[in-house]
Enquirer: 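Can you read through this structure? Questions will come right after.
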Amino acid sequence: MTIVSDRYPAPGPMALRCSEPGCRPERVPLPSPSAARTAAAGHLAAHGHRAGALRADAACGCGRVAESRVITHAEAGRVWRLAALCAPCIRATADARVLRPLNTRPLNSHPLDAGRLDAGPSAAGSNVRRGLP
């Protein structure tokens with residue numbers, strides 16, 4: 001998924017473009033880069049949850065067995081990816097956010113706990129956690 005500004009690098013309306021075949025995210029106003037990042041993470045989290053559990057034979061890019069789906073970003077938050085990674089690769093990927101099953105946030109945690117959750121009070125923020133489950 002890529003976040004694209006219609007007048008990049010000048011400020012302007014932003015749109016989400018998803019690389020998933022047939023996926024056309026609704027055009028919504030994204031008034032700031034942080035709103036665009038929150039929308040992109042939420043969109044990818046929805047794809048990850050719809051995909052269901054990882055297959056037992058799912059492989060990480062390094063060849064090991066993948067353990068978790070993660071959301072990563074690059075290019076200052078303009079490019080977002082959903083990937084299946086093994087534990088060592090998750091630890092080695094600075095921006096990896098582990099996608100947890102829905103409704104599994106610990107009862108005593110807060111959605112804005114920056115050390116563990118993706119920034120922003122959103123569907124993605126409550127289901128995306130830094131590091132391993």
Enquirer: Hey, mind stepping through His47 and Glu20 against side chain to side chain contact (heavy atoms under 4.5 Å, CB included) and telling me if it holds?
Expert: CA-CA 9 Å; His47 276 296; Glu20 181 73 21; 3.6 Å; yes
Enquirer: Using the side chain to side chain contact (heavy atoms under 4.5 Å, CB included) rule, take Thr93 and Val70 through it: C-alpha gap first, then chi angles, then the decisive distance, then the call.
Expert: CA-CA 10 Å; Thr93 306; Val70 297; over 6 Å; no
Enquirer: Working to the nearest 0.5 angstrom, can you tell me the gap between Cys86 SG and Arg91 CZ?
Expert: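 Between Cys86 SG and Arg91 CZ, I get 8.0 Å after rounding to 0.5 Å.
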Enquirer: Would a distance-only check, ignoring hydrogens and angles, find a side-chain to backbone donor-acceptor pair under 3.5 Å from Arg69 to Ala45?
Expert: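 Looks like no, no N/O pair under 3.5 Å.
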Enquirer: Of the non-hydrogen atoms in Ile90 and Ser68, which two are nearest, and what is the gap between them?
Expert: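 Between these two residues, the closest heavy atoms are CD1-CB, 3.9 Å.
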Enquirer: Please determine which of Ile71, Asp95, Leu16 meets the side chain to side chain contact (heavy atoms under 4.5 Å, CB included) test together with Trp80.
Expert: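 The residue from Ile71, Asp95, Leu16 that satisfies side chain to side chain contact (heavy atoms under 4.5 Å, CB included) with Trp80 turns out to be Ile71.
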Enquirer: Rounded to the nearest 0.5 Å, how far does CG of Leu44 lie from OG of Ser19?
Expert: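 Nearest 0.5 Å value for the OG-CG distance: 8.0 Å.
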Enquirer: Over all heavy atoms of both residues, which pair between Leu54 and Ala84 is shortest? Give the atoms and the distance, please.
Expert: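 Closest approach of Leu54 to Ala84: CD2-CB, 3.8 Å.
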